[in-house]
Structure formats: structure tokens, C-alpha cells
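Keep in mind that what you see is a predicted model, and the values were worked out from it rather than measured. When a residue number appears, it is its place in the shown sequence, counting from 1.
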Amino acid sequence: MKILKKNQLKDYTDNNIISGISLPHIEIEKNSCVTVEGVKSILEYDEGTVRIDCGDIELKFTGDRLEIYSMQSDRIDICGNFLSVEFFT
């Protein structure tokens, strides 16, 4: 695993923007709430799985009692007991 220093992280994110990769903004609060900005659509949604299309990246959250707490045009809040988060390109 490569660890980036603060100045390298800025270069890394700038390079991803320059190369045209659309990255979602993800905030995780404890093990119970997740906010994702940059959502294009919801691909799958049930009590144990939420899959989200974020353009160049797909996110998959698994857990128990997952529910979409709120949803706006490109933002979603998911609450429940999270067990895993997967990223797909």
C-alpha cells in the first residue's frame, strides 16, 4: 500500500481530475451513516445492499438494516449497520 504525503495527495487528485476521472465525495460517520456526493443513479437497493453508480466508479455498501435516509439530485445519505464498502471501476 502506497502512503501519500499531503503535497503528493494534491498532485494525485489533480492528476485524476486532469485525466477525466470523476471521483465521488464520501463521508463515513462511525459505522452507521454514509453520505455520497456525485451519485448518478441507484443500481440496487435492499436491506442488505446498496449499489450506486458514481460515473467512473461504482460503490457497493453491504450490511444490515440499510436504508436510504435522504436523497437529493447527486447526493445520497445511507444509514444502517455497515459491514463493507467496495469500489468498482
For residues [X] and [Y], report the shortest heavy-atom separation together with the two atoms involved.
X	Y	value
L66	G80	CD2-CA, 4.0 Å
P24	V36	CB-CG1, 4.2 Å
Y69	C79	CB-SG, 3.8 Å
C54	L59	SG-CD1, 3.9 Å

With a 4.5 Å cut-off on side-chain heavy atoms, are [Y] and [X] touching?
X	Y	value
L23	I57	yes
F88	D53	no
D56	T89	no

Open item on the list: If the threshold is 4.0 Å, N to carboxylate O, is there a salt bridge linking E58 and R51?
Closed with: yes
Indicate if [X] and [Y] have the same hydrophobic cluster label, given that clusters are the connected sets of ILVMFWY residues with side-chain heavy-atom separations under 4.5 angstrom.
X	Y	value
F87	L43	no
I42	V85	yes
M71	I78	yes

Task: Euclidean distance, Q72 CD relative to T35 OG1, rounded to 0.5 Å - done: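 The CD atom of Q72 is 9.5 Å from OG1 of T35, to the nearest 0.5 Å.
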- [ ] Mind checking the CD1-OG spacing from I76 to S41? Nearest 0.5 Å is all I need.
- [x]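 Nearest 0.5 Å value for the CD1-OG distance: 10.0 Å.
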Open item on the list: Under the rule for side chain to side chain donor-acceptor pair (under 3.5 Å), what residues qualify as partners of N81, not counting sequence neighbours?
Closed with: N31
Open item on the list: Among residues at least two apart in sequence or on other chains, which ones pass side chain to side chain donor-acceptor pair (under 3.5 Å) with S84?
Closed with: T62
Task: Inter- and intrachain pairs under salt bridge (Lys or Arg N to Asp or Glu O under 4.0 Å), touching residues 23-37, at least two apart - done: E37-R75
Open item on the list: I'd like to know if the side chain of Y45 and the backbone of I68 have a donor-acceptor N/O pair within less than 3.5 Å.
Closed with: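 Pair found, side chain donor or acceptor close to backbone of I68.
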Task: With F61, the side-chain contact (heavy atoms from CB on, under 4.5 Å) member among V34, T49, I28 - done: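 Option passing the side-chain contact (heavy atoms from CB on, under 4.5 Å) with F61: V34.
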